[in-house]
Structures are given as structure tokens and as C-alpha cells.
Amino acid sequence: MKLLEDKIKNEGTVLPGNVLKVDNFLNHQVDTDLMDKIGQEFASKFGDSKVTKVVTVESSGIAPAMMTAVHLHVPLIFARKHKSLTLTDNLYTASVYSYTKQVSNDISIDKRFLNPEDKILIIDDFLANGQAVSGLLEIAKLAKVQVVGVGIVIEKSFQKGHEIIKKSGIRLESLARIASLDNGKVTFVRE
Ligand code: 5GP
């Protein structure tokens, strides 16, 4: 997606440890026009898949997942990272190691919101080592729902996540694919 690649080139910064900082349009302040176009793009890619729910993990996945759900006219579910008083014990839970925070978190979705007849589309802001997506796939398995695909805003193709999802046979659509962040420079994958 050209618009997204331009935005990454012009406004992204590369931090040590192969981390791309995009908090001025995706992870903290959100560019709502861009997010709307991202939602439109995912909705057109997965428009024929009969998606019944869009699923992501709080918090950075919510903006792109929300706009995708708006364009598909289906509910959005975000897995929660912290147990809250309003979350009951009736949960599907998976453990996820965070690439940027370097800690493990449980992520949970209330059992009431996933039913075996659901066809879910998983959306996330980044794909690095695939831990967040794997956690959601584990929850999907526990809930016996069908996963029609995974949509990623920014894929760091040089890390393990891409291979892990491809090997599982699940459709993967990434809007920007980064080949390298070496020497502080963003290089995109060119097919
Ligand atoms: P994974 O679980 O695939 O290893 O990492 C995905 C999660 O880690 C994303 O949801 C995102 O929040 C975070 N993440 C991974 N790499 C980056 C990065 O380079 N920049 C930012 N801002 N977040 C990242």
C-alpha cells in the first residue's frame, strides 16, 4: 500500500533492536484518514470471506481492526491483556510474549463472544515473531472458530512471524512488508 509505505518512510523512526517507531500515526497518535483507508483495503481483500468478526489484541491493534470491522459491517473483538473486574472466569486465554516489551502476558477473550459458527479475521498493527497472532490462533482453536485470514499493517518480513503463519496455511495479507531496518534505514520487500 503506497500511501502507508510513504508514511513509514517519512514519519517512521528506526530504534535499536529492529523496532520501528510509528507512534505519530499508528501506535499512539492515530491518523484517522490513513486508518480508514487501511480498513477499506483489508475489507476489500477479505470481502468475499464471509467474515463474521474482526479480532485483535489491545491496544495497538484496535485502530486498524476497528476500521476494518466498520468497512466489513461486523463486530470487533479485542483480546484483553489484563484481567479486569468485569472479565469473568469464562475466558479463552493464551500466553503471548511481547516483542517490544519483552514480557509475557496472558490475552483473553470472553467465551460469550466467540461461537463455533464464527469466521474471524485477525488484524494486528505489526507482525514480528508472530507471538501475538499465534496467541489469537490458539484462542480461535479453543473456541473452535474458523480463521479466514490474518491482516497485518506492517510486517517485518525478516523476522519469524511471516514463516510461521504461512506454514500454518492461513491466508496472510500485509499492507507494508519491510525487508530490513539495517543502519536505521527502512527497506521494503519488492515482489
Ligand atoms: P510479534 O508478536 O509478531 O512478535 O509482535 C507483534 C506485536 O509486537 C505487535 O502487536 C506490536 O505491538 C509489537 N511490535 C513488534 N515489532 C514492533 C515494531 O517494530 N514497532 C512497534 N511499534 N511495535 C512492534
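Both counts, for ligands and for their atoms, begin at 1 and track the order of listing. All figures in this text were calculated on a predicted structure; none of them were measured in a lab.
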Element-labelled atoms of ligand 1 that are located less than 4.0 Å from some non-hydrogen atom of Ala132: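 In order of number, 2 (O).
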Identify, by atom number and element, the atoms of ligand 1 in contact range of Gln131, meaning under 4.0 Å from any of its heavy atoms.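 By the 4.0 Å cutoff, the relevant atoms are 1 (P), 2 (O), 3 (O), 4 (O).
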Taking [atom] as the reference point, the nearest protein heavy atom with its distance:
atom	value
atom 22 (N) of ligand 1	Asn27 OD1, 2.9 Å
atom 9 (C) of ligand 1	Asp125 OD1, 3.4 Å
atom 17 (C) of ligand 1	Lys156 NZ, 3.5 Å
atom 6 (C) of ligand 1	Phe126 O, 3.6 Å
atom 4 (O) of ligand 1	Asn129 N, 2.8 Å
atom 20 (N) of ligand 1	Leu20 O, 2.7 Å
atom 8 (O) of ligand 1	Tyr99 CB, 4.2 Å
atom 14 (N) of ligand 1	Thr100 CG2, 3.6 Å

Does an N or O from [X], backbone or side chain, lie closer than 3.5 Å to an N or O of ligand 1?
X	value
Val22	no
Val133	no
Lys21	no
Ser60	no
Val19	no

Out of Gln29, Glu11, Lys7, which one pairs with Asn24 under the side chain to side chain donor-acceptor pair (under 3.5 Å) rule?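 Between Asn24 and the candidates, side chain to side chain donor-acceptor pair (under 3.5 Å) is satisfied uniquely by Glu11.
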Please round to the nearest 0.5 Å and tell me the distance separating atom CG of Leu114 and atom CG of Leu91.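 CG of Leu91 is found 11.0 Å from CG of Leu114.
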So, the side chain of [X] versus the backbone of [Y]: is there a donor-acceptor pair under 3.5 Å, distance only?
X	Y	answer
Gln40	His71	no
Thr187	Ala179	no
Asp110	Arg112	yes
Asp6	Leu3	no
Thr52	Lys119	yes
Lys156	Asn18	yes

side-chain contact (heavy atoms from CB on, under 4.5 Å) with Glu41: which of Leu175, Asp36, Leu4?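 Answer to the side-chain contact (heavy atoms from CB on, under 4.5 Å) test with Glu41 among Leu175, Asp36, Leu4: Leu175.
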Can we say Glu155 and Arg177 salt-bridge, meaning some charged N sits less than 4.0 Å from an Asp/Glu carboxylate O?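 The answer is yes: the pair qualifies as a salt bridge.
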For atom 1 (P) of ligand 1, which of the options Gly135, Ser98, Gly130 provides the nearest non-hydrogen atom?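 Closest candidate by heavy-atom distance is Gly130.
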